[in-house]
Structure formats: structure tokens, C-alpha cells
Amino acid sequence: MSIDAIYSAFERAAEQPLESAKAWKQTHGTRVVGSFPMHFPGELAHAAGCLPVILQENHEPITVGHGMIYPFYCGFTRSVVDQACKGDYDFLDAIMFGDHCVQVLGAADVVRAKLPNTRVHFYQLISSMSDPWSLGRARETFLNLKEGLEEMIGHPIDEEATHASIRLFNKNRQLLRKLYDLRRAGDARITAKQMQILVKSSMVMDKAAHNDLLGRLLAEIEKTKAISQRGMRVYLSGHFCQSPKIGVLDMIEECGGIVVDDDLYHGQRYISTDVDETGDPLDALAKWYLERNLKVPCPTRVDQNADWENYLLDAMERSRADGMIVLMAKFCEPHMYYYPEIKEAFEKRGVPHLLIETEHELNSFEGLRTRVETFLEVVKRQSAARRIAA
Ligand code: SF4
């Protein structure tokens, strides 16, 4: 299988996640469990014999969903509501939500009302991450989720099956992180679009099938020598529940940026942390939930030990990035609240960054092009000045 054919397989799943899940269900006869991002432990649904699929914003204009949710909600929640209203989720056996912001709560109510015949469960994860009771409360929530899944399948989830699912999901994260390492080191040319479809397809495909394709991709990449690239090394940050539009990613690279790293949910945030493969699986998942916020801090969580702006400054240094582009989904409150701290920290340190606000309805990127070109020019001059001063 050629590299192009492998990427095409990933892209089909990433771009048509519901179609891909439907086809999997028809072929394999498995139940499909849809979930909200960003903290859902797909391992449990997998151990229950289901295909876990993280619901995605789609590219369709929001029409019937308009009347059901505020127009000042983020594109992700509006799109999910629109898909529910249009019947796109009717084939799902369950939808399992985890809360992480007010807009998700609003969207969950509409989805529940629109799908009276679908099992819609809501699990409230503790958002305070560093209290003495945080671990116990996270475990309790995952226990509730496990019981909800068991009620659906009609029997207990086998502990060994859960360990096997954890190993499979860890393997998937490790393979994806390897691709990130190769790209960061300049040993593989993986565009921002390609990286996004690799991670996004992992959110919706069967993990064993995904691992198989990733293994083939790595084998092909290792056979080829990466061609060295000229351009400004760019770090992408932000964009939580929805994937950045491919047009924005392509435009950044067309303007001379080389995306070398990110903390996007459809990126490092999703794959940052492995689950302990030994001991009680629920303990391990609760620990994973708390640890991943230290690996890549999330502004929807409160953690005394995590600091997103310092994390980003360090991450930029590690990836030798010249500048950072913050992608902010319009009306994403957690991001809007936190961004001023990032701005202040970056300005204080003299690290260049550019904020781009994106929205579901954004279809033309030309207005952004000039801003990105100007930003990259500034980054180029600052890097040159730093080199001369050193
Ligand atoms: S965290 Fe942001 S992008 Fe995610 S649902 Fe909430 S507002 Fe939307």
C-alpha cells in the first residue's frame, strides 16, 4: 500500500466519520457509541464490544439546528445539534457525554430531546483536578459510565477485556506520538492536514484497524528520506472540540509556515497520555484523566499544578518553533477566558504569536492570508535578529 493510499484511507474516515462508523457496524455487527470530546475514555466502550466514535463537527451549513440552540454557541455544539436534528445520529446505539463546558450542557439537552429512542447518558466529570477527592470522584464517574455500558450490553464488562482495550489504545497513542517525534525532528514530512487526519481518524475508526494502517505508514515513512524544508517553524495551539478547517492549515503552510507541533485536541492533546496497563482499570483511567491535564493543560479544568501558558512556552522551546498560531473557535468560552494569560506571557517573553478566530461558517480564508503572511514575515525578521545577536 503506498503512502498516498494509506493517507486516503485515513482521510475517508476522518471526513465521513458517521458513514465510516455505519459501514463498520454493518460489516461487524458491533454497537456504535458516540461520545463528546474531550475526556471520554473510549477504552471502556471498546471493552464492552462497541465501536466508540467521538462526534465531530461536520462541514454542512447549520439549518434545522438553528432553532434549537443559541447562535452564539460554538460551531461544534451547533453542528452536533444540527446533525441530531437531521437524524444523522439515528444509527448510534448510545451517545455518552462528558461535560466540560456550559455549551456542551446545552447541546446535550437538545440531543437528548431530539433522540428519544437513543440511550443518551451524561457523565459529569470533576473539573477540579488537584483536590484530595479528585481521583476518587473521577473513578466514580468512570464507574457510572461502565455501569451504563453494562446495562446496554446486558452483561458485565470483562476486566481482562478492559486491559486489552487499554493496551490497544495505548499502542495507538504511541504510534501517533512516534509520527509527531519524526515530524518534530525533521525526519518525516507530515503536513498539518495529514497530521490532523491521522488523529481525527483515530477518534472514529476501530483502533486495531487504525493501528494496522499506522504501522504500514510508519514502515513506508522510514523507507523514505525526509526532504529538508525551508520556512518558519510554527506551533499550533487551541481549537478544542472541533478540528481546525483544513483550508486554514493549508493556508498557513502555503504562506511559508512549517507546522512542527501543536496542542490541538485533534492533535497532541488527544494522544498525550497513556493509561496504566496494570492494576484496576478504573483506577488507571481515573489517574489517566488527571495526568493528561498535566501533560497538556486544558482550560476547561482547574488544576493548581498545571499552567497552560508556561506549558506552551516550554513546548515551543522543545519543538524549536519560531512562532505560535493560536486557533480559537468562535464563542469558545474556556479558550476566550484563558487567552489573555497566554497573550501576556508570550508578550512578556517576546515570543511571537498570532490569534486566528475561526467559525463553522468560515469558508473563505483569503482574509486571513494577509495576516498570516505578515505574521510569518515578523517571525522571520525576529529570528534573523536573534541569530545575529547570538
Ligand atoms: S470547549 Fe469550546 S469548542 Fe468545546 S464545546 Fe465548549 S465552547 Fe465549544
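The figures that follow rest on heavy atoms only: side chains count, while hydrogens, waters and symmetry mates do not. Counting starts at 1 for both ligands and their atoms, following the listed order.
Within the sub-2.8 Å shell of atom 4 (Fe) of ligand 1, the protein contributes these N/O/S atoms: C241 SG.
Ion pairing between E220 and R216 fails under the 4.0 Å rule for side-chain N and carboxylate O.
Evaluation of the salt bridge (Lys or Arg N to Asp or Glu O under 4.0 Å) test over residues 230-245, restricted to residues two or more places apart or in two chains, returns none.
A cation-pi arrangement is not found for R177 relative to Y180, the charged atom failing to lie both closer than 6.0 Å to the ring centre and inside a 45° cone about the ring normal.
In the model, R167 has no side-chain atom that pairs as donor or acceptor with a side-chain atom of N170 under 3.5 Å. Side chains of Q103 and Y70: a donor-acceptor N/O pair is absent below 3.5 angstrom, by distance only. Between the side chains of H360 and Q242, not a single donor N or O lies within less than 3.5 Å of an accepting N or O.
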